[in-house]
Engineer: 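Before I ask anything, let me first share the structure, which is written out below as structure tokens.
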Amino acid sequence: QVQLIESGGGLVQAGGSLRLACAASGRTFSTYAMGWFRQAPGKEREFVAAINQIWSGGRTLYEDTVKGRFIISRDDAKNMVYLQMNSLKPEDTAVYYCAGRSGVAGLRVDQYTYWGHGTQVTVSS
């Protein structure tokens, strides 16, 4: 069982930056692919970014609208995954969720087994 706890959300002006962090419990963190998803009010949860295990190359995946603005990274020694968000836009406003799964990183919500409770990101115009 893996528990995920997100932090780092908040209120920021458009054009600003935030760094989200996700702390994972357990000794098998390095074996999981990790992802970030977001859910805006009235919308479905959607993929943002994902990163594979370091031993498999650490390949990263990004949703098209965040490419070049967001960076996902992981620190297996600390059981942490991060999402650096730059050039934030009002449309990035959502609750951001950390997720984990065995196997390769995926783009779909149903591919992930473990989920955090989310952290709110609000971008004002």
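We number each residue from 1, following the sequence as shown.
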Engineer: Determine whether Met34 and Phe29 make a side-chain contact, defined as any pair of heavy atoms from C-beta on separated by less than 4.5 Å.
Structural biologist: yes

Engineer: I'd like to know if the side chain of Thr122 reaches the main chain of Thr93, judged simply by a donor and an acceptor atom lying under 3.5 Å from each other, with no hydrogens or angles considered.
Structural biologist: no

Engineer: Check whether any side-chain heavy atom of Tyr62 lies under 4.5 Å from a side-chain heavy atom of Ile72, and answer yes or no.
Structural biologist: yes

Engineer: Can you find a pair of side-chain heavy atoms, one from Thr113 and one from Tyr32, that are under 4.5 Å apart?
Structural biologist: no

Engineer: At what distance, to the nearest 0.5 angstrom, does OG1 of Thr119 lie from CD1 of Ile5?
Structural biologist: 12.0 Å

Engineer: Output the distance between atom CD (Glu63) and atom CZ (Arg69), rounded to the nearest 0.5 Å.
Structural biologist: 9.0 Å

Engineer: Rounded to the nearest 0.5 Å, what separation is found between the CZ atom of Arg74 and the CG atom of Asn79?
Structural biologist: 9.0 Å

Engineer: Over all heavy atoms of both residues, which pair between Leu4 and Gly100 is shortest? Give the atoms and the distance, please.
Structural biologist: CD1-N, 3.8 Å

Engineer: Looking at Glu91, I want to see if its CD is surrounded by more than 12 non-hydrogen atoms of other residues, nucleotides or ligands under 6.0 Å.
Structural biologist: yes

Engineer: Could you give the distance from CG (Leu11) to CD (Gln120), rounded to the nearest 0.5 Å?
Structural biologist: 9.5 Å

Engineer: Closest approach of Ala33 and Asn52, non-hydrogen atoms and distance?
Structural biologist: CB-OD1, 4.2 Å

Engineer: If I compare all heavy atoms of Asn86 with all of Ser17, which pair ends up nearest, and what's the gap?
Structural biologist: OD1-OG, 3.0 Å

Engineer: Which heavy atom in Ser73 sits nearest to a heavy atom in Ile51, and how many Å separate them?
Structural biologist: CA-CD1, 4.0 Å

Engineer: Salt bridge check, Asp92 against Lys89: does any charged N sit closer than 4.0 Å to a carboxylate O?
Structural biologist: no

Engineer: Do Glu6 and Trp36 have side chains that approach each other closer than 4.5 Å (heavy atoms only, starting at C-beta)?
Structural biologist: yes

Engineer: For Tyr96 and Arg38, run side-chain hydrogen bond (donor to acceptor under 3.5 Å, both in side chains): C-alpha distance rounded to whole Å, both residues' side-chain angles, the deciding distance at 0.1 Å, then the answer.
Structural biologist: CA-CA 4 Å; Tyr96 283 71; Arg38 66 186 179 187; 2.9 Å; yes

Engineer: So which atom in Ala50 and which in Tyr112 form the shortest heavy-atom distance, rounded to 0.1 Å?
Structural biologist: CB-OH, 3.6 Å

Engineer: For Gly26, is there any backbone N or O sitting under 3.5 Å from a side-chain donor or acceptor partner on Gln3?
Structural biologist: no

Engineer: Under 4.5 Å between any side-chain heavy atoms of Val109 and Phe47, yes or no?
Structural biologist: no

Engineer: Please report the closest heavy-atom contact between Ala14 and Ser125, naming both atoms and the distance.
Structural biologist: CB-CA, 4.3 Å

Engineer: I need the Thr60 OG1 to Phe70 CZ distance, nearest 0.5 Å.
Structural biologist: 14.0 Å

Engineer: Let me check something: do Val95 and Trp115 share a hydrophobic cluster, defined by ILVMFWY side-chain heavy atoms less than 4.5 Å apart, either directly or through other members?
Structural biologist: yes

Engineer: Do Leu20 and Val2 sit in one hydrophobic cluster, given that two such residues count as connected whenever their side-chain heavy atoms are within less than 4.5 Å of each other, even indirectly?
Structural biologist: yes

Engineer: For a 4.5 angstrom cut-off between non-hydrogen side-chain atoms, does Phe37 reach Leu107?
Structural biologist: no

Engineer: Go through it in stages, so that I can follow the logic: the residues are Met85 and Val121, the test is side-chain contact (heavy atoms from CB on, under 4.5 Å), and I'd like the CA-CA distance, side-chain angles, deciding distance and then a yes or no.
Structural biologist: CA-CA 10 Å; Met85 305 187 296; Val121 171; 3.8 Å; yes

Engineer: Taking the side chain as everything from C-beta on, heavy atoms only, tell me whether Tyr82 gets closer than 4.5 Å to Cys22.
Structural biologist: no

